[in-house]
Each structure stands twice: as C-alpha cells, then as structure tokens.
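To start, the structure under review is shown below, and the notes come after it.
Convention: sequence-line order gives letters A, B, ...; per-chain numbering from 1. Below, all heavy atoms of this structure are taken into account, side chains as well, without hydrogens, waters or symmetry copies.
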Amino acid sequence: MKQKLLAAAAALGLAVSVTAGQAADTVKIGLMAPLTGSWASEGQGMKKIVELLAEQQNAKGGVSGKKIEVVTEDDGGDPRTASLAAQRLTTQGVAAVVGTYGSSVTEASQTIYDEAGIPQIANGSTAIRLTEKGFKRFFRTAPRDDEQGRMAAQTIGKLGFKKVAILHDSTSYAKGLADESNALLKKKGTEVVFFDALTPGERDYTTILTKLKGANPDVVLFTGYFPEAGLLLRQKKDMNWKVPFIGGDATNNADLVKIAGQEAAEGYYFLSPPQPQDLDTADAKNFLTDYQKKYNELPPSIWAVLAGDGFRVMVAGIAGAKSTDGDKIAGYLHKDLKNFSGLSGPISFDAKGDREGEVYRVYKVDGAGKFVLQKL
Amino acid sequence: MKPRVDVLGAGLFAAAMAVAPLFLNAYQVDVLNSIGLYALLALGLNLILGEAGLFNMGHAAFYAMGAYTAAILNTRYQIPVLWTLPLSGAVAGAFALAVARPVVHLRGDYLLIVTIGVGEIVRIALVNDVFGITGGANGIFGIGRPRLFGLVIRRPEQFFYLIWGFVALTIFLFLRLKRSRFGRALNFLREDEVAAEGSGIDTAYYKLVVFGLGAAWAGMAGTLFAAKMTIISPESFSFWESVVLFMIVILGGAGSIPGVLLAAFLVVGLPELFREFAGARMLVFGLVMMVMMVVRPQGLWPARGRQKWLAVSGKALGP
Amino acid sequence: MEEFFQQLTNGLAVGGIYALIALGYTMVYGVLKLINFAHGDLFTYGAYLGLTLLTSLALTDRLGFAMGVLVLALMVMGLVAVLGAILERAAYRPLRQSPRLSAVVSALGASIFLQNTLMLIYGPRFQVYPDNILPAATLNIFGLYLPLMRVLIVLVSVLMMVGLYLFIQKTKIGTAIRAAAIDQDAARLMGIDVNRVIMLVFLVGPALGGAAGLMVGLYYGQINFTMGWIYGMKAFTAAILGGIGNIPGAMVGGLLLGVIEALGAAYISIAWKDAIAFCVLILILIVRPTGLLGERVADKV
Amino acid sequence: MKAAEPTVEREQRSLLTLGEVTKSFGGLTAVDKVSFAVEAGSVVGLIGPNGAGKTTVFNLITGHYQPNHGDIRFAGQRLNGLPTHRIIMLGIARTFQNIRLFQQLSALENALAGCHYRMRGGILAGMFGFLPYQRRAEQEAVERSVGELEFVGLNQKVATVAKNLSYGDQRRLEIARALTTQPRLLILDEPAGGMNEQETEALIGLIEQIRARGITILLIEHDMRLVMRACEKLVVLEHGGKIAEGSPEQVRNDPRVIEAYLGTEDEV
C-alpha cells in the first residue's frame with residue numbers, strides 16, 4: 001500500500017515537474033497551435049511557417065539584438081487543453097503569444113494571457129466577440145465574421161444570384177458566418193431558400209445535396225471548412241447538378257481542389273484574405289520562395305500564413321516598443337504600427353485589436369485548379 | 001493490511017496536495033485542477049460503472065447538463081455560480097433518471113451504445129441551440145467568477161483549493177456510501193443481478209438511483225468547470241470526454257476510489273507530461289494505455305474486497 | 001416521391017459501408033464478447049494502405065481498371081487482416097481472462113495509437129486518392145441519379161456479406177466459429193482450436209473493414225487519419241441495431257442505419273440527423289432489447 | 001391420485017398454490033396447466049426428467065417469468081405480475097440450479113444481501129452518517145448473517161471470498177443467503193448438485209433443521225435417495241405437465257412415473 005502511494009506521489013511529482021523557463025538572452029515568443037486533434041493540419045502548418053520566419057529573423061540578428069526562441073504548445077484544438085497550454089506558456093516567460101486557430105479555443109486562453117499581461121495575436125479566430133470584451137493586449141490577423149458576412153452578401157449580390165441556399169456545419173465559425181450572411185441577404189431582399197447544417201467529418205453528403213437540389217437555389221453558400229466543401233463539390237458533380245457554390249475563407253486550402261478533383265472544383269468561388277501569391281510585396285515574394293525551398297510545397301492554408309503574420313507583427317511590436325513589456329508592445333501595435341507589410345496584405349490595428357480596412361477578396365477556382373483573384 | 005497504513009497514506013497524500021500550490025507554478029497547478037475535475041467526474045462515474053457495473057459511456061452528457069444549468073442561471077439570472085451547485089446537480093440527476101428509466105434494464109453493451117447515444121443527442125442539441133438557450137456552437141460566455149466568503153476565485157491556486165476541496169469531500173462521502181447498505185446493494189447488482197433480485201433487492205430501483213447520483217455529481221463538476229473556464233461550449237462535452245472518464249475508471253480499477261484518483265492523474269497528467277513529444281504525444285499516450293491495461297488487467301489499484309474490514313471481529317461492525 | 005427514392009438509394013450506399021464495417025464488430029463480439037473499438041481504425045488503415053499501394057504500384061495502369069482494383073483490394077484486405085491479427089495478439093489476447101472492460105480500454109488505447117501512428121507517417125493533412133481511377137458514369141433511372149460507383153458499393157458490400165454468411169453457415173471453419181461463439185469451453189472440449197478461431201475472426205473482420213476503407217477511399221477520394229472514429233461509431237451502432245453478434249443483423253443494421261440517417265436528414269433536419277438516428281436506435285432497443293435480429297436471450301436462471 | 005379437493009379449502013391450509021399455471025416460450029409450452037399445493041411446514045419435492053419444466057416452475061413462482069395463464073398464490077396473496085424482489089419480501093427465498101453467488105464478495109457479504117430489504121437507509125444515510133438505529137441495524141444484520149452462516153456450517157469461512165469456496169460450500173452459502181431473508185418458504189433448486197455422498201448426507205440433515213425452524217421447503221432434486229428421505233410429498237412433471245402427486249411411496253409405485261423415468265432410460 002505504502003509503495004503504491006509512493007508511486008502515486010511520484011507520478012504526481014513527475015506530472016508537474018516541468019522545467020520552468022529561465023530569462024536569458026533570448027526573446028521567447030509562444031506559439032499555441034492545434035498540433036494534434038482534428039485541426040492538426042492547420043496547427044502543423046502554423047508551426048512550419050512560424051519556425052521558418054523565426055529562422056529568417058534570427059539570421060538577420062533577431063529582435064533588439066536578441067535571438068528569438070519560439071516556444072510551441074499544443075492546444076489540441078479543444079478549449080480545455082488550450083487553457084493548460086496557455087498556463088504553460090505564461091510560466092515559460094514568453095513575451096508574446098501567436099495563436100490560435102479556433103475561436104472557442106482562443107477564447108479559453110484569452111483571460112489567462114490577459115491576467116498574465118502577455119499580448120496575444122490570434123490567427124484563425126474570427127468570432128466577433130473575441131475583440132468585444134475589452135482585452136487591451138489581444139489582437140488578431142484574421143478578419144471578423146461580420147466582415148466576411150458582409151462580403152459574402154455583397155458578392156452574391158454582385159454576381160446577380162436571387163435565390164440562395166445557405167449551408168453551414170454547426171461549428172461556431174461557420175454558424176456565425178451563416179447567420180451574418182443570412183440576415184444581410186434577407187435585408188437586401190435576396191431569397192434564402194434553404195438554411196441547415198451538415199455534420200463535419202463525414203464522407204457522404206449526397207443526402208444533403210439531394211435536399212439542397214430540391215430547394216432549387218441559384219447559388220449555394222457553404223460557410224464550413226474545405227474537407228466538406230471538397231466533398232460537396234465532388235458529389236455535386238456526380239449528381240450532374242450544375243449550381244455554383246460560394247464558400248467562406250475556411251475553404252481556402254490547397255487540398256480543396258485535390259479533394260474535389262479539378263473538374264468539380266472549377267468555378268467555385270470563395271472569400272479569403274489575399275494569399276501571399278497574390279501580393280506584389282517583396283516580403284510576400286521572399287517568404288514564398290523560402291517556404292517552397294524549405295518545405296517543397298506551397299503554404300497549406302491561409303490561416304497558417306496569418307499565424308506567420310502574427311509572428312511578424314509581434315516581432316515588429318517588440319522591436320518598435322524596444323521592450324518585452326506586454327503593455328508597451330500592445331501600445332505600439334495599437335498606435336504606431338500602420339500599414340505593416342503583411343503576408344496577407346497591409347496590417348493596421350484598430351482600438352479593439354482587429355485589423356483595419358477591407359481584408360477580404362473574392363477568389364475563383366479555374367480549370368487548372370488555381371485560385372484566381374477576382375475583380376468584382 | 002492494517003487500516004492505519006491506509007489512513008497514514010491518505011493523510012500524507014492530503015498533506016502533500018494541500019501544500020502543493022506553494023511549490024508549483026500556475027501551469028502545474030492548473031494541470032492539477034484539470035485532474036481534480038476529472039477525478040470528480042470519474043468518482044461519480046465509478047459509482048455507476050465501477051460499483052454497480054452499469055456500462056455508461058455517455059457521462060459527458062450529465063456533465064454538460066450541469067455546466068449549462070450553471071451557465072444559464074448565472075448569465076441570465078445573475079445567480080452566483082456556486083449557488084447553482086445543488087441545482088445543477090439536481091438537473092443533471094433528474095435528466096439522468098428520465099433517460100435511464102426506459103433503458104436501464106438493457107444488457108451491457110446495449111446500455112453502452114444507448115448512453116453513447118444519449119451523450120451524442122445532448123451534444124447535438126447543445127450545438128443546435130435547443131430552446132434557444134444554449135448559445136449553439138458558441139456556447140455560453142461571460143460566466144461570473146465564483147465567490148467564496150467574499151473572496152473572488154480567479155487564480156489557478158484558488159481554484160485548486162475549491163476543486164480539490166470538493167474532491168476531498170466527495171471521497172469522504174463516497175467512501176462512507178461504499179460501506180453502507182446502499183453501497184453493498186450496488187455491488188450485489190454488479191456481481192449478479194439475478195441473485196440480487198432473488199435476495200429481495202429492488203435492482204431496477206438501485207440502477208436508476210445510482211445513475212441519478214452519479215449524474216448529479218457530474219452536474220456539480222460541470223458547475224465547477226463552468227466557473228473555472230468562464231466559457232463553455234459543446235465541444236467540451238464531446239464523446240471523447242466520456243471515453244476518457246470511462247478509461248479512468250477501468251484503468252484505475254473499477255470500484256476503487258484510490259484507483260480512480262491515480263488513473264485521473266495518469267490519464268489527464270500523462271498527455272501533459274508527454275508535451276515534449278509534440279505531435280507524437282497522443283501516440284505515446286495510446287501505447288501507454290494499452291500496455292498498462294495488459295500489464296494490470298484488474299486496473300492499477302484494484303478495489304480491495306470488503307471482507308477485510310468486515311471480518312475484523314466477525315460480528316462487530318463499525319465504520 | 002422521386003426525392004424519397006433518391007434519398008433511399010443515398011442511404012443504402014452509406015449503409016452498405018456501415019454494414020461492412022459492422023461485420024467486423026459483430027464477428028469479434030460474437031466470439032469474444034469484446035467491442036473492438038480499434039476496428040474503425042483498421043478501416044482507416046485500409047484506406048491509407050489502398051492509397052499507398054495504388055500510387056506506388058500503379059496497379060490500375062498496368063492491369064486495367066477492373067483487374068487492378070481487384071488485385072489492390074486483395075492486397076489491402078490481406079495487409080489489414082495481418083494488422084488485425086497483430087492487434088489481437090498484442091492488445092487483446094493477454095486480456096482474455098480479465099474483466100471484459102479491461103479489453104475495451106486496451107482497445108481504446110490501441111485506437112488512439114493506431115490513429116496517431118497514421119498521422120505521424122502520412123502527416124495530418126487530408127490524403128486524396130487520384131480522381132481518374134474510377135469510371136465516373138452516372139446512371140439515370142426513372143429520374144434517379146445513381147452514380148455507377150454507388151451501385152457498385154452496395155453490390156460489392158452485399159456480395160461480401162453474403163459470402164461471409166455462407167462461409168460461416170456452410171463451411172466447417174464457419175461451424176467452428178459459431179461453436180466458439182456459443183460456448184468457448186464447450187468448443188474447446190469438442191476439439192476446436194479456439195485460439196485459431198479467434199485469430200481467424202481477427203483476420204476476416206479487419207479484412208472486410210479494410211475493404212470498406214478502400215471503397216471509401218476510391219469513391220469519396222478524401223481520407224484522413226481520424227475518419228475511422230466516426231465510421232467505427234456508426235458501424236458499432238449498426239451492429240447493435242441489428243443485434244450484436246449476429247451476422248445478418250449487422251447487414252440489416254448497417255443498411256437500416258444508412259437509410260434512417262438519409263430519411264431523417266431529408267424529412268426532419270440535417271443538423272439533427274445523428275440525434276435522430278440515435279433516437280430511433282434507442283426506441284428500437286426499448287421495444288427489442290437485443291436489437292432487431294439479436295436473440296432474445298432471457299437471462300438463464 | 002385422489003380426487004381434487006375444493007380449491008378454497010386447499011388454499012386455506014396451503015402456503016403456496018399453483019392453479020393451472022401455463023408458460024410457453026414462442027411455440028414451446030414449457031409448463032402446461034400445472035396445479036399443486038405446498039402445505040405450510042412440509043417438505044415438497046418437484047421431480048421429473050430433464051427438461052420437464054421444473055426450474056421453469058420455480059422461475060414462475062419467484063417472478064423471473066410471468067405465467068401466460070393460471071394463478072400462483074402465496075399465503076393467500078396472488079403473485080402474478082409481482083417483480084421478484086417483492087415476492088422475496090413476501091417470504092419466499094430461493095437458491096439457483098447454477099450457483100449464483102456474488103463471486104467477488106465474501107461469504108458474509110453474500111449473506112448480508114438477504115438482510116438488505118429489512119434494513120433502511122439510502123444514499124443520504126450512507127453518506128451522512130450512522131444514526132444509532134442504523135448502526136444497530138447494521139450490527140443486527142451482521143449478527144443474523146453470521147448466525148445463518150454458522151447454521152449451514154460455514155463458521156470458518158465467514159471472510160472467504162465466494163469464488164474461493166468449494167462447490168458444496170457454495171451451495172450452503174446460497175442457502176444461508178436465502179435464509180437471511182427470513183423466508184416462510186424456501187425453494188431449493190438441485191441443492192445436492194455436485195455434492196459428494198457425505199455432503200449430501202449433511203444436506204439432508206440441514207433440510208431437516210431448516211424444517212424444524214418452521215420453514216416450508218420446496219425443492220428440485222435428481223438425487224432420489226435425498227428426495228425419498230427428505231420429502232413428504234412429491235410432484236412429478238413430465239413434458240411440462242404434472243403426471244403424479246403424492247407421498248414418496250405413492251409416487252414410486254405410480255405406473256406413469258415409472259414409465260416416464262424408465263421410458264427415458266430406454267430411449268437412452
């Protein structure tokens with residue numbers, strides 16, 4: 001019995017005896033990303049990009065004369081794990097944190113960073129309320145759902161569609177976007193003939209497509225993620241149904257075309273912040289060449305790129321504030337950082353920590369499976 | 001085995017836990033908080049699964065009921081979150097009674113899938129914003145910090161004492177329950193339902209009541225969870241949570257309170273310990289689960305029979 | 001009405017896959033009374049192995065479509081079967097005399113392990129089958145759109161199920177399996193090598209699961225390392241619905257679950273589809289506590 | 001067999017009566033219009049070849065099955081439709097053909113199960129304390145259980161886990177557990193099954209002692225020596241129907257019984 005207790009005590013000791021970070025001549029930047037779980041592909045993309053950018057920055061001498069060290073923690077794509085990851089980062093002496101992807105995951109970590117005085121910059125979290133709570137050191141490179149909703153409604157109007165079907169996937173993000181778009185479309189007098197949610201993670205969506213087809217829309221707005229979008233396009237083609245699809249920014253992923261097949265993906269519209277490929281800035285071009293050199297592929301998703309932007313913004317903040325103090329960095333980002341040359345277009349922040357200006361663009365998939373920026 | 005060793009060991013453990021926050025950083029304390037919540041949930045599930053032998057793989061549903069009750073009462077009616085504790089427990093318990101009633105007679109694996117189904121139905125209902133009060137996939141945010149004796153609880157070490165205090169109380173109560181007439185009835189049920197019924201025990205009643213009790217505990221754990229996170233959403237109550245709780249109970253040794261505690265430390269703590277493995281941490285975790293089960297099939301710390309303390313004098317019996 | 005039949009066929013195609021996976025659950029359960037929670041992941045391995053073999057060996061280019069896919073299917077089924085046997089040896093055999101739920105936890109651990117192994121080998125991104133393998137013909141019968149592949153999925157599933165049924169019912173080995181399912185000790189006394197029977201069950205069940213994985217890969221194209229979890233859960237539900245341990249029950253349960261999902265989505269709500277399916281399951285179990293075709297074993301007193 | 005007495009009269013003297021009880025499973029009629037009575041204070045044997053429906057009759061009495069037709073009455077109360085535990089509480093206890101003990105629990109705990117329904121106290125009592133009356137009730141329960149264990153001859157095995165007991169001891173433990181429910185009628189399903197000669201001999205003595213306590217006994221047994229010595233009345237079933245009833249002497253000489261028993265032997 002005693003031995004068992006000792007073993008238990010030892011396990012306890014082990015479980016919590018992790019090395020605390022020591023202040024040294026490095027500047028630590030935390031990256032909180034879903035390295036495991038359903039969104040592991042996003043998280044690992046984020047890690048690749050941030051590591052590459054840190055290498056480059058260190059090759060240029062780091063920030064304020066110190067080398068940058070990236071401390072990565074897995075948030076598992078779930079709020080509870082995220083709150084632990086956040087606690088862990090706060091104990092490791094990071095000056096700033098980049099991440100994370102899901103809105104509710106970010107939300108679970110917000111108060112922890114806030115109470116620790118560490119600035120946080122989320123890359124994939126688009127839920128409106130994240131920046132409505134008055135956290136002074138919270139930023140995001142991702143645009144907000146309401147902005148995307150506005151863009152979606154506007155685009156549908158410009159393309160001249162009269163009857164819209166809206167499909168989401170019940171996730172916080174997709175539902176939010178669907179609701180925003182639904183309200184705006186109705187206000188403009190566009191008829192919404194269908195509004196429902198699919199179950200993400202499945203393979204067969206013909207049931208839903210059959211039902212959608214029965215509603216006979218001019219266009220389908222799908223606000224979910226790329227794996228489902230790809231399957232919808234593929235199975236839609238199998239049904240010989242030729243209705244156009246518009247998607248949200250979560251479908252901006254190179255794998256979309258792979259999943260759907262080039263033929264089925266052709267003509268698919270989606271909204272997204274601009275990709276580095278579509279920017280003429282030197283920063284974007286250099287980044288792309290280096291990324292391809294190092295990993296032999298294109299950046300897997302725009303969200304990973306936005307994490308990269310988050311990292312670059314934080315480095316600029318630390319350099320600009322000449323300090324690793326959270327309030328000073330935040331102050332600099334709010335006031336002094338204007339039109340920073342991001343990998344997803346120019347970046348400035350408003351008082352809430354949201355990006356200023358129109359971030360969204362409209363893309364269309366061409367016959368070769370390329371994402372082509374549209375001018376509407 | 002002398003009972004004194006037990007008491008001594010438990011005392012040492014309690015003392016170590018009581019001073020732990022003084023030596024640990026915020027992250028480490030928060031890991032312990034997470035372990036505490038799982039321990040609380042698993043202790044409740046242990047009554048159902050370990051003591052009564054009813055296969056329940058949908059415990060997260062009751063957890064969710066409690067958390068949402070607390071969150072709704074707190075955010076809509078401004079009821080202090082800790083005050084909702086008994087009500088959350090009652091709602092979760094009542095819900096469990098209602099759903100268990102028609103299905104609790106099902107045999108093993110059929111009950112297993114039904115509880116999985118109930119868990120999924122609850123989660124889907126939450127995601128779809130049932131009755132317009134659960135906030136859909138966004139969940140509910142802005143839950144107030146709990147207050148205790150005028151002190152606002154916000155830092156990890158403050159939660160530590162709240163959560164582990166509740167765990168200690170639970171252990172105390174459940175130990176007593178285990179040794180009572182009620183606890184015995186659950187064991188009869190687990191060992192042989194027909195024989196229990198044939199000895200005059202109303203098995204249907206006990207099955208139902210233990211479901212209600214375990215669920216009520218999950219509901220109260222849900223309140224603590226809601227208070228700690230200040231935001232809850234359906235993904236915190238996924239099928240995976242039920243699976244984790246199930247694993248904790250079986251890995252620890254069904255029906256064993258120290259076993260459940262130990263397993264909560266391992267199942268919640270190991271993935272944290274394996275953070276160094278980054279992407280491979282869940283792989284290592286899965287492997288460790290398998291190996292531990294193969295090496296100790298009865299659980300890490302199996303329940304000891306009651307006969308030891310019952311037989312001390314043969315006749316005299318006292319707690 | 002046309003939509004109803006369209007949805008019915010949609011449901012059958014999905015249900016065919018469920019049924020094929022459910023067979024693995026039900027066979028293992030029949031003999032060992034074990035819910036093999038890692039079975040869904042063996043299905044995923046079928047999909048991944050299929051992709052790797054397809055692209056690396058270029059079978060369809062060399063042997064033509066029909067022959068290539070057939071050879072591919074046999075290879076995948078063989079490999080997944082071996083994997084299933086290894087799993088049995090490593091994770092379940094040591095636990096055969098232990099409390100039943102210990103093996104369930106071991107199975108869950110195995111499932112996590114298998115899933116994450118795939119993630120480390122292939123990476124977390126979705127993997128995609130080349131989309132030019134299958135003939136993309138779509139039949140149009142009485143206004144119903146029936147992609148040829150969907151028809152094939154149902155046909156192949158049913159063929160495999162019938163084959164398995166005949167194997168279990170008509171052959172000597174099948175009789176041994178049935179005997180072991182009823183009473184292992186008695187079967188052993190009758191000279192049946194129960195270990196071999198169990199091994200066999202762990203070869204055949206995973207092989208069918210692997211075949212299902214390959215079909216999903218070939219037809220739907222997109223696969224990822226976590227997909228076995230959902231399919232596994234659905235198949236387990238299907239097996240219970242039909243009466244676990246009962247082979248025709250798994251077929252009926254699988255097809256029925258697919259149809260319930262499709263019709264529930266079509267006529268009630270897509271978002272509530274899975275909840276509806278579970279409600280139907282629970283209602284059926286309230287009326288028939290051992291599933292549709294499960295034996296009504298009154299507890300022997 | 002004598003002409004049937006008027007039912008009412010018979011019931012007045014009988015503890016247990018079955019009136020035209022029928023049970024069928026699917027197409028198979030397991031028990032076919034069986035009627036018999038067990039008088040208070042007697043030892044009655046239910047015999048018949050394998051598959052005659054004896055255990056089914058027991059299961060009908062204790063409510064594990066519900067009869068399709070017919071009446072089962074105990075001390076004037078109709079048992080039909082009552083759940084098993086209610087029937088036990090009325091004063092019927094039983095053992096099982098295939099021993100059903102709580103395998104992982106000690107002999108004492110097994111015996112305590114029988115005391116359960118006479119005790120009080122649920123969750124709150126369990127958690128929040130032992131009031132004096134509860135403490136007393138616990139103590140009484142343990143004393144009664146130990147007493148019954150001693151009565152059946154398990155004084156040395158009180159703390160032994162059930163699965164570690166010998167076969168004969170397990171049978172005795174089942175009887176002790178049944179006795180702790182303080183029954184008026186004890187139903188024993190093949191109590192000598194698996195016992196050796198000595199143990200059977202001891203069992204006959206035990207049955208006598210139980211009877212001496214005023215407990216009525218109904219038993220199924222294949223061991224004819226035991227049946228003939230212990231029982232004062234036998235009821236013979238074949239193919240679900242009753243073919244004979246009477247004293248051991250009468251039954252032994254009943255041609256239909258002889259045919260039933262010898263007939264089956266011929267077939268073998």
I'd like to check Phe188(B) versus Asn110(D) (side-chain heavy atoms, cut-off strictly below 4.5 Å). Are they in contact? no

Arg184(B) and Glu138(D) ion-paired at < 4.0 Å: yes

Mind listing the closest non-hydrogen atom pair of Gly200(B) and Tyr117(D) along with its distance? O-CB, 3.4 Å

So which of Arg118(D), Glu174(D), Met127(D) has the largest heavy-atom pair count under 4.5 angstrom toward chain B? Met127(D)

If I compare all heavy atoms of Glu197(B) with all of His85(D), which pair ends up nearest, and what's the gap? OE2-ND1, 2.8 Å

Contact residues of residues 202-209 of chain B (partner chain D; heavy-atom separation under 4.5 angstrom): Asp202(B), Tyr206(B), Val209(B)

Inter-chain contacts: residues 56-63 of chain B against chain D, heavy atoms under 4.5 Å: none

Heavy-atom proximity to chain B below 4.5 Å, by part of Leu90(D): neither

pair Gln103(D)-Asp192(B): side-chain heavy atoms closer than 4.5 Å: no

Taking side chain as C-beta onward, heavy atoms only, is Ser199(B) less than 4.5 Å from Arg177(D)? yes

Within a 6.0 Å radius of atom CZ on Arg86(D), are there more than 12 heavy atoms belonging to other residues, nucleotides or ligands? no

Looking at His116(D) and Ala185(B), what are the two nearest heavy atoms and their distance? CE1-CB, 3.3 Å

Under 4.5 Å from a heavy atom of chain B, the part of Ala93(D) involved: neither

Heavy-atom pairs under 4.5 Å with chain B are the metric here; pick the option from Thr62(D), Leu149(D), Ile123(D) that has the most. Ile123(D)

What part of Thr84(D) gets closer than 4.5 Å to chain B, counting heavy atoms only: side chain, backbone, both or neither? both

Main chain of Leu105(D), side chain of Glu191(B): is a donor-acceptor contact present, judged purely on distance under 3.5 Å? no

Please, which pairs that meet ring-ring contact (aromatic ring centres under 6.0 Å, His included) have at least one residue in residues 90-112 of chain B, sequence neighbours excluded? none

Residue Leu213(B) versus chain D: region with a heavy atom under 4.5 Å: side chain

For Arg172(D), give me all partners under salt bridge (Lys or Arg N to Asp or Glu O under 4.0 Å), at least two apart in sequence or on another chain. Asp169(D)

